[in-house]
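Reading through the structure tokens given below for one structure.
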Amino acid sequence: MIGLVVVSHSAKLAEGVRELAEQMTQNTVPIAAAGGIDDPENPIGTDAMQVMAAIESVYSVDGVVVLMDLGSAIMSAEMAIEFLMPEQQPNVYLCEAPLAEGTLAAAVQIKAGGDVNLVMDEARAALAPKQKQLAGASKNSTPPSETAPPDAADGETLTITVPNKLGLHARPAARLVSLAGQFDAKLTVKRGAETVNARSITQVNTLGARHGDTLTFMAHGTDAADALKAVKALVDDNFGDQDGTPNGTAPAADRPTIAEDIPENVIVGIPASDGIAIGTARHLQAQMPEIEMRTVADANAERTRLATALTAAVDDLKTVATETKRKVGADEAGIFEAHQLILQDPDLTDVANNTIDHNRQNAEAAWWSAVEAMADRYRNIEDAYMQARAADVLDVGRRVLRHLTPGQPAAFTFDKPCILLAKDLSPSDTAQLDPENVLGIITAEGGATGHSAIIARGLGIPAVVGAGAGVQIISEGAKIALDGKQGYVWQSPNAAQLTELRTQRDTWQQQQRELRENSRKPAITTDGTVIEVAANIGTPKQSAGLLDAGAEGIGLFRTELLFMDRAQAPTEDEQFEAYTQAAKALDGGPVIIRTLDVGGDKPISYITFDHEENPFLGHRGIRYWLENTDLAKTQLRAACRTSAAHNIKLMFPMVGTLDEVKRARALLEDVQAELKSENIAYDAQMEVGIMVEVPAAVMNAAQLARHVDFFSVGTNDLTQYIMAADRGNPKVKGLVSPFQPAVLHALRRVTDAAKAAGIWTGMCGEMAGNPLATELLVGLGFNELSMNAPAIAEVKAKIRAVDSVKAREIATHALTLESATAVKTYLSQ
Ligand code: PEP
Ligand code: MG
């Protein structure tokens, strides 16, 4: 039978706890007490030899569970294990559970015949009943003054009222955690009686801070004052929220009021993404790797395995975030940035590592139990939005698990159109769905504010979530329908329902079509200036449907995506195929292939970079590309070969000097000469341009313009370099705006230089897709705007309403304004 040891600084306390546990289990469980030290003058303390003796007295191969009070008790217990015979050591488990409650719960479980893991789990969970009972129920469970700030003598404090409508939901919480990580100061947040570590995403999330709540931040350390100043700036910025729903126009978050005449075959769920779908049911089985629980001899090796899997999962998430940003939008990509923070949360990683160390458990089992425990913490928060975050924790948990158990089933694909049914869908899985084949989504669990629902909306897939367990018994292949606006799911709709649904679906699809049809109309200002509107893509797959979305070409093909998520660089033929596929989808429209822009925040696993203090100012873009001529020439050959049959233009990123342009052009000429000697066709007139995204290129624009055929301004990088402000750093967030007067003056300089040299200017940074900037950009003289596909229809509609003369006046006036805020206010009037 499993033995139990109680270690305390006080002999009386250890004895008392043992007595209590023995009484509960009628002396049927071997329990030993090891309390105090053998010093009558100073009896309080712990003695490793005494702990060892206690362990030996109850030792069995079934295991011994040791519970300790605090401080040196833990050290004594650890030393005691070292004193034991080597064959005994792996069977002794130190349990971090609370001493009294944990010992009682463990004793009861031992009596019930549970194994060591169950005993430890019971002990750990032993505080839950007390927590539940005291939570809010007892007047005395919280200190009398709920909003009193902590003692200022302890550190600097800042008390604020949560300004944003949704409170500290996932993304504002992530912004706060990222900000806390940038200071040495220890930053805590207090809400009511609860104080949490501002560096832990889980702790901040589980605080459940809502709009109007009072929070007190306390900072300790040398840069405490700066940390609080940055927090204040974040709060003043509404925690970075726009105060809409977490993503645009989310349907009502709650289950709708059920009308009395709901037919029997209709399941009512939560509306999550507008639209009507009719199709065949296809169940998605959760892609959950098998978890085998093992006792391991080498805990260090397991910790290393876990660390490696965590790093790989963070790398994955960076790629998913980049992909989602391009495919769906920046807001949705933020979900995967928050996922990275979950993986770095010590509340998750420390718990898993401790389980590996203390329970000698394999990494998969230890990791999953930590993930489940954290997901439970979210599920137990009252707030529905926070409860939905449990799905995010499980999603990132599964991602790590897949790296720990390679060879497990990967992502799913569908070859025929279907309506997808699932218990719940993870945000990562949703982001991979292809709207061509997934007509609709129905989940048994989840809510409208779940991240998978947010992504479904971004992808334009109708969805009903939280429709209950009934969803799971719908037969595979059955005909079903859903209305994502109302939250209704029809099982085997009858003929009359089908007719009605088809009419509604056709009306909905017609509206969508009208939007798309208008989006195909050219973007010509009221006085006849034609602006070309194009799309940014990262993979050839993303070129499908671009014409329908209104794109007239591809203004930026970020080729680095072709190089990611694989073991080696794509071959010339593979690249040729990819460029050709994109060009074919655009049906003659121009495709601007940007040469590999690697480095900075765009790592590629098989390219090793030396450590750089400032990677954004380092060996990235054309700087790397020019020095890796094999890779560069392969890419140039593929682009040139594609240009033989398609409208291809070439563009170099991160150009700062004329020398770089000359070297890149020389390389291109070499490749063209090679192709010629091999009798391989290419377009000798292919336009060659550069991205203007480095301040040096702005200053040199007049000179550079004489050596290229076009400019395309990358406002994402240009803004951060002009403002010397990292766009990922919330402390300088206010500076990183393309509406900053300094950036606007740079844009003017670039378009003026291009005009003088007779070349055209485009923009492919995020600013191009912001309708607030459209009139200004036309007024500044941009000829082409390239953006994420979903933004095209609206920007084109805006252009059609612009008068170029007025737009020029607007641009001239905007250049006289003194701040980004003043510019934005002026443009929104
Ligand atoms: C930019 O910097 O604005 C740009 C379009 O390039 P990327 O975002 O790929 O760095
Ligand atoms: Mg860039």
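In this chain, numbering begins with 1 at the start of the sequence shown. For ligands, and for the atoms within them, numbers begin at 1 and follow the listed sequence. A quick note: this is a predicted structure, and the numbers were derived from the prediction, not measured.
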Can you list every ring-ring contact (aromatic ring centres under 6.0 Å, His included) pair that touches residues 759-792, not counting sequence neighbours?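 Listed once each, the pairs are F710-W760.
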
Measuring only between side-chain heavy atoms, which start at C-beta, is Y721 closer than 4.5 Å to E693?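 No, too far: nothing below the 4.5 Å cut-off.
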
Taking the side chain as every heavy atom from C-beta outward, state whether L310 and Q344 have any pair of such atoms under 4.5 Å apart.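 In short, these two side chains do not touch, never coming nearer than 4.5 Å.
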
Considering only N, O or S atoms of D717, the one closest to the Mg ion (ligand 2):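 In D717, the N, O or S atom with the shortest distance to the Mg ion (ligand 2) is OD2.
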
Looking at E693, which of its N, O or S atoms is the nearest one to the Mg ion (ligand 2)?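 Relative to the Mg ion (ligand 2), the closest nitrogen, oxygen or sulfur of E693 carries the name OE1.
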
Closer than 4.0 Å to some heavy atom of [X] - which atoms of ligand 1 meet that?
{"X": "T715", "answer": "3 (O)"}
{"X": "D717", "answer": "1 (C), 2 (O), 3 (O), 10 (O)"}
{"X": "C764", "answer": "5 (C)"}
{"X": "L556", "answer": "5 (C)"}

Are [X] and [Y] close enough that a side-chain donor and a side-chain acceptor fall under 3.5 Å?
{"X": "Y579", "Y": "Q635", "result": "yes"}
{"X": "S804", "Y": "T529", "result": "yes"}
{"X": "D683", "Y": "S643", "result": "no"}

Applying a heavy-atom cut-off of 4.0 Å, say which part of [X] lies close to ligand 1: side chain, backbone, both or neither.
{"X": "R594", "answer": "side chain"}
{"X": "L718", "answer": "neither"}
{"X": "E766", "answer": "neither"}

Would you tell me which option among E560, M691, M763 has the nearest heavy-atom contact to atom 4 (C) of ligand 1?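 Answer by nearest heavy atom: M691.
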
Apply side-chain contact (heavy atoms from CB on, under 4.5 Å) to the pair V698 and V713, showing each step before the final yes or no. CA-CA 9 Å; V698 177; V713 180; over 6 Å; no

